Every structure is written in C-alpha cells, then in structure tokens.
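To keep things clear, I will list the structure first and then write my remarks on it.
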Number of protein chains: 2
Amino acid sequence: MSQQEQLGFRALADPTRRSILHLLAQGDLTIAQVAENFQMTRAAVKKHLSILHEGDMICVQAVGKTRVNTLNPNGIKNAASWFGYFDAFWDEKLATLKTEIEKDMQ
Amino acid sequence: MSQQEQLGFRALADPTRRSILHLLAQGDLTIAQVAENFQMTRAAVKKHLSILHEGDMICVQAVGKTRVNTLNPNGIKNAASWFGYFDAFWDEKLATLKTEIEKDMQ
DNA sequence: ATTGATAGATACCGAATGGTATCATGTCAA
DNA sequence: TTGACATGATACCATTCGGTATCTATCAAT
C-alpha cells in the first residue's frame with residue numbers, strides 16, 4: 001500500500017468531496033464557486049479541497065486573486081485502478097456468489 | 001449519493017480493510033485466519049470485517065463454530081462503478097492536463 | 001492609501017474512527 | 001455436561017475528522 005493510494009482513498013471517503021469531484025467534472029471552479037453549492041462555510045470547503053489536492057484528485061492553479069480548482073484525471077484513474085486487482089478473481093467468484101449470498105442471509 | 005455508496009467508500013478508506021480484501025481475493029478465510037495476517041487483536045480485525053460487511057464488500061457464512069469471510073464481487077464492482085461518472089470527461093481533460101499540472105507547480 | 005473581495009491559517013468543538021481489554025455466547029467434542 | 005475454542009459484544013481510550021469562528025494576507029480598483 002502506497003501513501004499516495006491511502007491519500008486518494010481518504011479523499012474519496014467523504015460524500016461532500018465525491019460531490020465536489022462530480023461538480024468539477026462539469027467545469028473548473030474557484031473555492032468560492034464550489035462553496036456556493038454546499039451549505040457549509042467556505043473554510044470547510046477549502047479543507048475538503050485541500051484533502052482532494054493531497055489525494056491528487058484535483059489541481060489548483062492561481063488565476064489573479066482566485067484559485068481555480070481543476071479535476072485531475074490521473075489521480076482519479078489511479079484510484080480506480082486499485083479495483084483492477086480483483087479482475088482475475090471475479091469470474092470465478094461470480095459463479096458461486098448466489099449460493100454465498102443465500103448463506104449470508106441466515 | 002446513496003447510503004450504500006457511502007458505506008462502501010467508508011469501508012475502503014482504511015488500508016487494513018483494503019488489505020483484507022486483497023487477502024480474501026486469494027481465498028476465503030475465517031476471522032482468526034484473517035487476524036493472523038495483521039499485528040492487531042482479533043477484535044480489531046473483527047471490527048474491520050464488520051465494516052467491510054456493512055459496505056457489502058464481503059459475505060459472511062457460518063461454518064460450524066467459525067465464520068468464513070468471502071469476497072463480494074458485487075459490492076466491489078459497485079464501488080468501482082462510481083468512477084464511471086468521469087468517463088465522459090476524461091478525454092477532454094487529458095488533452096489539457098499537462099498544462100494544468102505545470103501551473104499547479106507554481 | 002483605503003477599501004472590499006478572495007483566500008490562507010489557526011484554534012477549537014463534537015462526533016466518528018481505530019484500537020485494546022474484557023466478558024458473554026455458542027458450538028463442537030469427549 | 002463439561003471444557004475448549006472461535007466468535008460476539010461492550011466499555012473505554014487516543015486520534016482523526018468534519019465543521020465553525022476568527023484572524024491575517026493578498027490583490028484589485030477607486
């Protein structure tokens with residue numbers, strides 16, 4: 001487990017932060033513009049953006065006196081690639097899943 | 001954001017739990033067997049397994065006096081599918097990413 | 001130079017999290 | 001029915017986390 005992987009999953013663990021990523025997918029936004037979409041203070045949103053930045057999920061570029069937050073496809077793709085580990089096991093698992101689910105109900 | 005999505009990402013947020021999923025990908029294990037792979041008490045491992053179960057990442061079936069933990073491909077695939085939201089935006093983003101990364105360095 | 005808008009930084013609070021220790025439960029075997 | 005073993009469950013502790021309040025810094029425009 002790399003530290004970057006941990007920072008990435010930590011960034012994705014909060015629903016507000018995942019929502020921010022969906023927002024930024026539709027266009028780049030300043031901190032204030034992101035904050036308009038949530039019922040919390042700008043400082044709280046800034047914290048979320050910092051954690052997203054630490055997890056490599058967004059890039060931040062200074063534009064005049066504002067900071068424009070931009071989606072970072074590389075970081076998001078990197079987190080998504082973690083799931084690839086299971087690709088080799090899924091076919092076999094899915095074949096017996098129904099039975100296991102039934103046992104789990106008991 | 002669904003509650004199940006949140007429980008899923010919460011389950012994945014901890015490195016021990018992600019490690020447990022990788023372990024279970026190689027074969028089903030009882031709680032005690034999982035605990036052998038970590039330097040923490042069985043109770044702590046049990047907590048992690050409970051959170052993984054709440055996030056639909058594993059199934060638990062009683063076998064005699066033991067409980068066998070099994071990977072749940074459905075839950076893991078469901079979490080992985082969250083990343084599909086960005087598919088439509090990646091091609092465009094990747095085209096301009098290099099420039100944005102450079103600005104981010106400043 | 002002063003004002004106002006945008007952002008950074010810090011301290012603080014309540015709740016959730018990761019972990020241990022401890023005790024209760026249940027199941028198999030003798 | 002005992003005893004041993006794998007698990008369930010609870011209480012407790014230190015740390016992290018999400019959030020607010022507050023103060024400071026910077027830039028732009030007048």
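In this text the structure is predicted, and so the values were computed from the model without any measurement.
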Taking [atom1] from [X] and [atom2] from [N], how many angstroms apart are they, rounded to a whole number?
| X | N | atom1 | atom2 | answer |
| --- | --- | --- | --- | --- |
| B:L7 | C:dA16 | CG | C1' | 14 Å |
| B:I20 | C:dG18 | CD1 | P | 11 Å |
| B:F38 | C:dG18 | CZ | C1' | 14 Å |
| A:I31 | C:dA5 | CD1 | P | 17 Å |
| A:E36 | C:dA5 | CD | C1' | 13 Å |
| A:E54 | D:dC17 | CD | C1' | 13 Å |
| A:L49 | C:dT6 | CG | P | 16 Å |
| A:K46 | D:dA21 | NZ | P | 19 Å |

Would a hydrophobic clustering, with Ile, Leu, Val, Met, Phe, Trp and Tyr connected at side-chain separations under 4.5 Å, put B:V63 with B:V45?
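Per the 4.5 Å side-chain linkage, B:V63 and B:V45 are not co-clustered.
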Shared ILVMFWY cluster between B:I58 and B:L7, side chains joined below 4.5 angstrom?
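No.
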Would you please name every residue forming a ring pair (Phe, Tyr, Trp, His ring centres under 6.0 Å) with B:F86, sequence neighbours left out?
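Checked B:F86 against ring pair (Phe, Tyr, Trp, His ring centres under 6.0 Å); matches are A:H22, B:W82.
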So do the side chains of A:F83 and B:L12 get within less than 4.5 Å of each other, counting heavy atoms only?
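Heavy-atom side-chain distance check passes, below 4.5 Å.
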Flag the pair A:L21 / B:Y85 as yes when at least one side-chain heavy-atom distance between them is below 4.5 Å, and no otherwise.
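The answer is no; the side chains never approach within 4.5 Å.
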So, is A:H48 close to the D:dG19 phosphate, meaning a side-chain N or O under 4.0 Å from OP1 or OP2?
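Yes, within the criterion.
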Can you see if the side chain of B:R10 gets near the phosphate of C:dA16 - specifically, an N or O under 4.0 Å from OP1 or OP2?
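No, B:R10 has no side-chain N/O under 4.0 Å of OP1/OP2 on C:dA16.
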Pair A:S81-A:K77, side-chain donor/acceptor within less than 3.5 Å
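Result is no, nothing qualifies.
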Choose from C:dT17, D:dA6, C:dG18 the nucleotide whose nearest atom is closest to any side-chain atom of B:D14.
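Per side-chain heavy atoms of B:D14, the pick is C:dG18.
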Could you run down nucleotides 20-30 of chain C 5' to 3' and tag each one B, S or - for protein heavy-atom contact under 4.0 Å?
BB------S--
Listed partners of A:K47 passing side-chain hydrogen bond (donor to acceptor under 3.5 Å, both in side chains), at least two apart:
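Once residues adjacent in sequence are excluded, A:K47 has no partner under the side-chain hydrogen bond (donor to acceptor under 3.5 Å, both in side chains) criterion.
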